[in-house]
Protein chains: 2
Amino acid sequence: MTELEKGPTGRRRGRGARERILSASQQLFREQGINRTGMNELCAAAEVSKRTAYQHFTGKDELVAEYLRRFDPSVLSGVFDRTDLTPRERLLAAFDIPPTTPLCPYIGAAVELNDPQHPASQYAREYKKAVAARLADTAREAGAADPEQLGEQLALLIDGAAARSRVLNTDAFPTAAAIAAVLIDNAIPATAGDDRQREEASS
Amino acid sequence: MTELEKGPTGRRRGRGARERILSASQQLFREQGINRTGMNELCAAAEVSKRTAYQHFTGKDELVAEYLRRFDPSVLSGVFDRTDLTPRERLLAAFDIPPTTPLCPYIGAAVELNDPQHPASQYAREYKKAVAARLADTAREAGAADPEQLGEQLALLIDGAAARSRVLNTDAFPTAAAIAAVLIDNAIPATAGDDRQREEASS
DNA sequence: TGCTATGTACACCGCCCTGTGTGCTTACAG
DNA sequence: CTGTAAGCACACAGGGCGGTGTACATAGCA
């Protein structure tokens with residue numbers, strides 16, 4: 001999406017089938033899940049010949065891994081890079097995921113693939129660790145006493161909200177945000193150099 | 001498992017194929033997931049003829065729903081019924097799920113089936129609500145200011161720990177328990193009639 | 001203009017899946 | 001002992017799946 005993608009050789013000939021394949025993956029894998037989306041269907045949606053798809057990806061497994069790697073982490077990086085917010089606000093903003101996101105695709109992939117060795121599962125693990133690390137960094141910036149712990153806790157809240165939203169078909173992120181607010185206030189010493197306005201989450 | 005199961009007619013003839021089928025479901029669906037477990041494999045594991053299986057269940061969907069309905073909620077009821085613990089201890093004990101449980105099967109089913117209308121998905125929703133309700137009851141018993149909110153929050157923590165454990169292949173329940181302790185202490189007024197020993201979770 | 005990488009169209013393979021049809025055997029109650 | 005419900009063995013239908021083979025079309029650079 002961000003930039004016109006080059007083929008495997010890097011010469012960028014043809015008409016960008018690879019991009020269309022990955023774009024269709026984003027939509028279909030998320031809407032229907034990985035296992036319920038066949039390669040035929042995916043290629044039809046991408047308006048790409050099946051043969052072409054298998055010239056770009058050795059198999060569905062590789063495509064799935066690339067799909068996760070390419071997943072636009074709009075929520076993630078979009079929040080952490082905002083300089084208009086204090087660190088504490090950034091931590092809370094991570095829970096503002098309004099209507100979209102049927103389920104964090106990393107959780108979905110881990111469940112559907114059911115194989116920790118699968119490249120996609122490995123990447124999902126890396127991603128989750130990376131999110132926790134960025135949360136920990138921001139927590140440190142916000143002056144948390146134990147930033148690593150707070151980062152891990154907030155990451156768990158995000159995953160909990162995602163999973164619970166999926167099962168119950170409702171938005172659980174407000175609940176998670178309320179918990180996050182409590183944890184953040186508990187973890188940041190009162191003398192931290194941050195604007196500590198106290199906001200109660202009353203639903 | 002609890003009681004010898006009767007066939008569809010209730011006469012209990014034969015040699016209890018239905019029980020073996022459900023028992024095998026418990027094992028295989030949990031170990032391998034639902035979609036990755038074929039009926040052939042399942043029947044072989046249950047030492048049951050495929051024909052017999054389809055005489056007990058109209059289809060795999062019905063079997064899956066019954067598998068969830070029959071899932072031994074040892075953690076759930078086992079914890080809530082313990083009278084040797086104070087309400088507060090019972091809330092915390094819900095996070096003592098030591099080694100087992102690859103993933104809460106309800107989350108797994110919701111992800112794998114990807115259909116909110118599926119009977120199993122509907123039951124998963126009911127179950128999750130029931131857990132939150134029992135947590136809320138216990139929270140009320142423990143004297144929480146807003147027991148419904150605390151129940152929902154603790155339920156979210158459990159789901160978060162389950163999901164995160166699955167993706168990262170590590171045990172996230174201690175982290176969730178630490179958060180729970182904070183929430184519980186924050187939600188229960190200091191004057192609540194409960195033993196309030198302060199326990200810090202330092203990992 | 002031609003060369004080559006890229007993409008196309010579509011039939012096809014082998015596999016595994018859910019689910020059935022059929023005829024036979026066994027357990028158990030009366 | 002006998003009738004009947006329960007279970008069994010096994011082949012097979014029908015379909016979707018991931019993936020391939022083949023012959024052909026096109027885009028873009030030299």
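Side chains included, hydrogens not; waters and symmetry mates left out as well; all remaining heavy atoms used. The chains referred to below are lettered A, B, ... by the order of the sequence lines, with proteins before strands, and numbering in each begins at 1.
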- Message: Let's go through A:I158 and A:L135 carefully: what are the C-alpha distance in whole Å and the side-chain angles of both, what is the deciding distance for side chain to side chain contact (heavy atoms under 4.5 Å, CB included) to 0.1 Å, and is it a yes or a no?
- Response: CA-CA 11 Å; A:I158 292 174; A:L135 286 167; 4.2 Å; yes
- So what does B:E47 touch, heavy atoms closer than 4.0 Å: a base, only the sugar-phosphate, or nothing? sugar-phosphate
- Query: Closer to the 5' end of DNA chain D via nearest nucleotide, is it A:R51 or A:E41?
  - Reply: A:E41
- Roughly, in whole Å, what's the span from CD in B:E112 to P in C:dC17? 14 Å
- Think B:T52 has a side-chain N or O under 4.0 angstrom from the OP1 or OP2 of D:dC8? yes
- Query: What integer distance in Å separates B:K60:NZ from C:dG19:C1'?
  - Reply: 12 Å
- Message: Just to be sure I understand the rule, does B:T58 reach a base, reach only the sugar-phosphate, or reach nothing, if contact means heavy atoms closer than 4.0 Å?
- Response: nothing
- Query: Does A:R70 pair with A:E19 as a salt bridge, N-O distance under 4.0 Å?
  - Reply: yes
- Task: Test side chain to side chain contact (heavy atoms under 4.5 Å, CB included) on A:Y127 and A:L68 and set out the steps.
- Result: CA-CA 9 Å; A:Y127 178 87; A:L68 278 194; over 6 Å; no
- In whole Å, what is the span from the CZ atom of A:R18 to the P atom of C:dG7? 10 Å
- A:L63 CG - D:dC17 C1' separation (whole Å): 15 Å
- Task: Would you mind reading off the distance between B:Y54 atom OH and C:dG19 atom P, rounded to a whole angstrom?
- Result: 4 Å
- Separation of atom NZ in B:K50 from atom P in C:dT22, rounded to whole Å: 16 Å
- Please tell me which of the listed nucleotides, C:dT8, C:dT18, D:dC8, lies nearest to the side chain of B:R20? D:dC8
- Item | Value in whole Å for how far the P atom of C:dC10 lies from CE of A:M39 | 19 Å
- Before giving the answer on side chain to side chain contact (heavy atoms under 4.5 Å, CB included), spell out for A:V182 and B:Q153 the whole-Å C-alpha distance, their side-chain angles and the decisive distance to 0.1 Å. CA-CA 11 Å; A:V182 172; B:Q153 289 178 340; 5.8 Å; no
- Task: Check whether any side-chain nitrogen or oxygen of B:H56 sits under 4.0 Å from OP1 or OP2 of D:dG7, and answer yes or no.
- Result: yes
- Query: Atom CG of B:D61 and atom C1' of C:dT18: how far apart are they, to the nearest Å?
  - Reply: 10 Å
- Message: With heavy-atom distances below 4.5 Å as the criterion, would you say the side chains of B:L63 and B:M39 are in contact?
- Response: yes
